[in-house]
Structures are given as C-alpha cells and as structure tokens.
Amino acid sequence: MGQPDQVNEGAELSALLRQWWQSDATVRKQDALVAQLKLRGVDLTQASLSRYLDPSKPQIAREDVVRELHAIFGRPQEELAVALDLWERATRERTAQQRLRATPPQEPGPERGPAPAHDSTREAPPARSSRGLLYGAVAAVLAVVVAGALWVIAPWEGERDEAPDTAKGPRATAPAVELAVCEGERCFGLEPNHTVCSTDAVTAFADTDPVIGIELRYSAQCRAAWAKISNTTQGDVARIGDRAGRKREYTQISGRDAHTTMLPAARPEDVTACAVLATRTVCATIPSEARG
C-alpha cells in the first residue's frame with residue numbers, strides 16, 4: 001500500500017476529486033468507477049482509487065486518472081485546469097520531499113587504532129607541500145559538485161507501481177483529444193464538448209427569464225440532449241430529465257454558466273431542461289427559432 005503524500009496540494013486535489021464523485025447525479029460505487037476507468041483504458045485498483053479520493057490520507061492521483069475522472073463526471077473545462085495545476089504542484093513538492101529523504105547521512109570514518117611506535121631506522125615520508133594540499137582540496141570539492149550535478153539531472157524514480165508507459169519522458173502539453181462518437185444510450189452521462197454531439201447541437205427550447213438563461217441543447221446526430229444555464233452563480237443547478245425519471249444535473253461551482261452531461265432523447269420534446277435556483281426553478285419551455 002502506498003504511503004500518504006504529505007503535500008498540501010495533494011490533499012486539495014483529493015478533496016476536489018472527491019467533490020466530483022459525491023456531487024455526480026449517478027451514484028457510482030468505487031468498484032463501478034474503477035470498471036468504467038478500465039473501459040477507458042486506465043488500469044487502476046480500487047485500493048488506489050480509494051486513496052486518491054481520501055483527503056485525510058491523500059495519495060496524489062495520476063494525471064491520466066484526473067483527466068478521465070473529469071470526463072466521466074462531466075465537469076466544466078475550467079475545473080480540469082484547476083485539477084491539473086494542483087496535480088503539477090503536488091507532484092513537484094512530493095519529488096522535492098522524496099529527494100530530501102533520500103539524501104544519505106554522512107557516515108563516520110573508520111576508527112583509527114593507536115599510532116605505531118616510531119621506528120628510527122625507517123625514513124619519514126616527505127611532508128606534502130601546501131600547494132599539494134590545495135590541489136587535493138580543490139579536486140575533492142570538484143568531485144562532490146560533479147556527483148551532485150549528476151544526481152540532480154538523473155531522472156527521479158518516484159512511485160512507478162501504477163504509472164503507465166506514456167508517463168515517460170518530459171511532460172508536454174496534452175495534444176487535442178479526438179471527439180468521441182456516440183448515439184442514443186451510448187451518450188448517457190458523457191460530456192457533450194468531448195463528443196461530436198457539440199458540433200451539430202442547437203437550442204431546442206429556452207426561456208425568457210429576465211435574470212438567468214436556461215437552454216435545452218439537442219444533437220440530432222447523437223439523439224441526446226443536455227441543459228445549459230447562464231448568468232448564474234455558485235450553487236445554482238442545471239438539470240435535465242426525461243419522462244422515465246432519469247436525470248442529469250450539475251451544481252455550479254464557479255463562473256457564470258454551466259451545463260450538464262448528456263441524456264439520451266429521440267426528440268427534444270422527450271426531455272425537460274431546468275435551472276434550479278435558491279428561490280425558484282426556471283425551465284426551458286419555449287421553442288427556439290434556432291431549432292432545426
């Protein structure tokens with residue numbers, strides 16, 4: 001079992017991932033979440049996931065796990081940026097701590113026995129000149145500097161028991177992710193901006209509320225819909241539900257707009273999008289001219 005990472009940013013990252021998990025409309029047990037991650041190509045044990053989601057004894061989550069959890073829970077893009085910043089700072093701090101712990105203490109030199117009796121018949125070795133002593137001291141200092149430089153530039157081997165092969169090499173900016181293709185039930189719970197559904201989406205229904213905006217966004221090619229709210233504040237909820245009682249919702253954390261993940265819908269009329277505020281609920285019931 002990995003040891004907890006005593007890093008402030010590690011605890012903050014674990015708290016953020018746990019908040020994603022607990023606020024998700026679809027209640028997923030950790031074993032089901034691990035199975036979903038494996039379907040996405042992320043090899044992870046339930047024990048590791050449990051440590052990633054425990055701010056009291058945090059273990060810094062791998063970068064690929066952070067990215068996939070963000071996609072599974074359908075969180076806004078700005079939250080991914082926050083999570084990756086915490087991950088980078090926590091990883092850097094953990095590496096510094098590991099290097100500090102790995103610095104070996106100086107070992108005492110070998111004990112010297114009593115000096116042998118002076119033999120007057122042997123000639124005493126010639127005394128070393130002050131210049132020789134100076135050269136020796138300079139050589140010793142250079143040896144220490146070179147050894148330290150090699151140790152610093154050598155790749156640090158941290159916790160690699162679960163690190164994928166793709167983690168090797170310098171960390172670079174992640175390439176653009178290819179949009180996923182889904183249709184109907186296969187779109188359930190997916191983030192629309194990560195799929196082709198966002199490319200043909202239209203506002204099927206809206207509302208004329210003077211303060212906030214609520215839209216029912218619909219993709220004909222994906223046969224799926226989602227709710228989008230705007231001019232809203234922290235704590236407001238975007239929600240979409242169908243006639244069977246299924247729903248997707250998202251509680252806004254920051255910013256001025258937000259949206260849910262997708263819900264399958266053969267027609268936009270089969271679902272309802274609402275903004276749930278502290279004092280009232282506003283639903284998108286007016287057909288939009290942008291439809292079709």
Side-chain angles (χ1 to χ4, degrees), residues 2-24 28 30 33-34 36-99 155-180 189-195 198 234 238 250-262:
Q3 296 297 319
D5 294 307
Q6 302 301 323
V7 179
N8 291 336
E9 288 79 3
E12 292 180 26
L13 177 60
S14 293
L16 178 60
L17 298 180
R18 189 175 185 86
Q19 193 273 334
W20 288 357
W21 175 45
Q22 292 181 333
S23 64
D24 187 44
R28 294 182 177 90
Q30 289 189 11
L33 190 55
V34 167
Q36 193 166 0
L37 285 167
K38 288 184 176 180
L39 289 176
R40 291 173 168 264
V42 177
D43 188 15
L44 186 71
T45 65
Q46 185 175 343
S48 294
L49 178 63
S50 178
R51 294 194 295 272
Y52 292 166
L53 299 177
D54 186 358
S56 64
K57 299 179 181 179
Q59 182 174 346
I60 300 171
R62 299 193 327 240
E63 182 183 6
D64 60 332
V65 175
V66 174
R67 290 183 180 277
E68 292 302 329
L69 287 177
H70 173 268
I72 289 173
F73 294 134
R75 310 301 294 191
Q77 192 64 30
E78 58 266 24
E79 289 188 26
L80 177 60
V82 172
L84 291 179
D85 178 66
L86 288 173
W87 174 86
E88 185 172 356
R89 288 189 286 141
T91 302
R92 186 166 56 245
E93 178 63 20
R94 178 181 62 187
T95 300
Q97 291 183 4
Q98 289 174 334
R99 286 177 174 172
W156 179 257
E157 295 295 327
E159 293 183 8
R160 302 181 66 87
D161 55 317
E162 296 172 355
D165 291 339
T166 55
K168 295 180 180 178
R171 183 170 179 265
T173 303
V177 179
E178 183 178 355
L179 295 178
L190 296 184
E191 161 61 48
N193 289 335
H194 295 169
T195 69
S198 61
Q234 181 179 2
Y250 172 74
T251 302
Q252 187 165 338
I253 297 177
S254 60
R256 300 290 290 168
D257 55 39
H259 62 271
T260 67
T261 54
M262 293 188 289

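All values reported here derive from a predicted model rather than from experimental measurement.
- Separating the CG atom in L33 from the CG atom in L69 is a distance of 5.5 Å, to the nearest 0.5 Å.
- Nearest heavy-atom pair, S198 versus P192, reported as atom, atom and distance to 0.1 Å: CB-O, 3.4 Å.
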- Under the side chain to side chain contact (heavy atoms under 4.5 Å, CB included) rule, what do L190 and T261 come out as? Steps first, then yes or no, please. CA-CA 5 Å; L190 296 184; T261 54; 5.9 Å; no
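- Side-chain contact check for Q30 and W21: no donor-acceptor pair (N or O, by modelled atom type) lies under 3.5 Å.
- Between W20 and E79, the shortest heavy-atom contact is NE1-OE1, 2.7 Å.
- A donor atom on one side chain and an acceptor atom on the other are not found under 3.5 Å apart for E191 and H70.
- With values rounded to the nearest 0.5 angstrom, L39 atom CG is found 11.0 Å from E68 atom CD.
- To the nearest 0.5 Å, atoms CZ (R51) and CG (D54) are separated by 10.0 Å.
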- Check against side chain to side chain contact (heavy atoms under 4.5 Å, CB included), L80 and Q77: CA-CA 5 Å; L80 177 60; Q77 192 64 30; 3.5 Å; yes
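- A donor-acceptor distance shorter than 3.5 angstrom exists from the side chain of S14 to the backbone of Y52, with no hydrogens or angles considered.
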- Apply the test side chain to side chain contact (heavy atoms under 4.5 Å, CB included) to residues E78 and I253: give CA-CA distance (whole Å), side-chain angles for both, the deciding distance (0.1 Å), then the verdict. CA-CA 10 Å; E78 58 266 24; I253 297 177; over 6 Å; no
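- The two residues A83 and L16 come nearest to each other via the heavy atoms CB-CD2, 3.8 Å.
- Side-chain contact of R75 with S23: a donor-acceptor pair under 3.5 Å is present, judged by distance alone.
- The line from CD of Q234 to OG1 of T251 is 10.0 Å long, rounded to the nearest 0.5 Å.
- Residues V42 and D64 form a side-chain contact, since some pair of their non-hydrogen atoms from C-beta on lies under 4.5 Å apart.
- The CH2 atom of W87 lies 10.0 Å from the CG atom of L13; values are rounded to the nearest 0.5 Å.
- A salt bridge is defined here as a Lys NZ or Arg NE, NH1 or NH2 lying under 4.0 Å from an Asp or Glu carboxylate O, and R67 with E63 meets this definition.
- Heavy atoms only, all atoms of each residue included: D43 and K38 are closest at OD1-CE, 4.0 Å.
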- Task: I would like to know whether L53 and L49 meet side chain to side chain contact (heavy atoms under 4.5 Å, CB included); could you show each step before the answer?
- Result: CA-CA 6 Å; L53 299 177; L49 178 63; 4.0 Å; yes
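- Nearest heavy atom pair, residue Q46 against residue V34, reads CA-CG2, 3.7 Å.
- Put simply, CG on L37 and OG on S48 are 11.5 Å apart, with the number rounded to the nearest 0.5 Å.
- Of all heavy-atom pairs between L17 and A61, the closest is CD1-CB, 3.8 Å.
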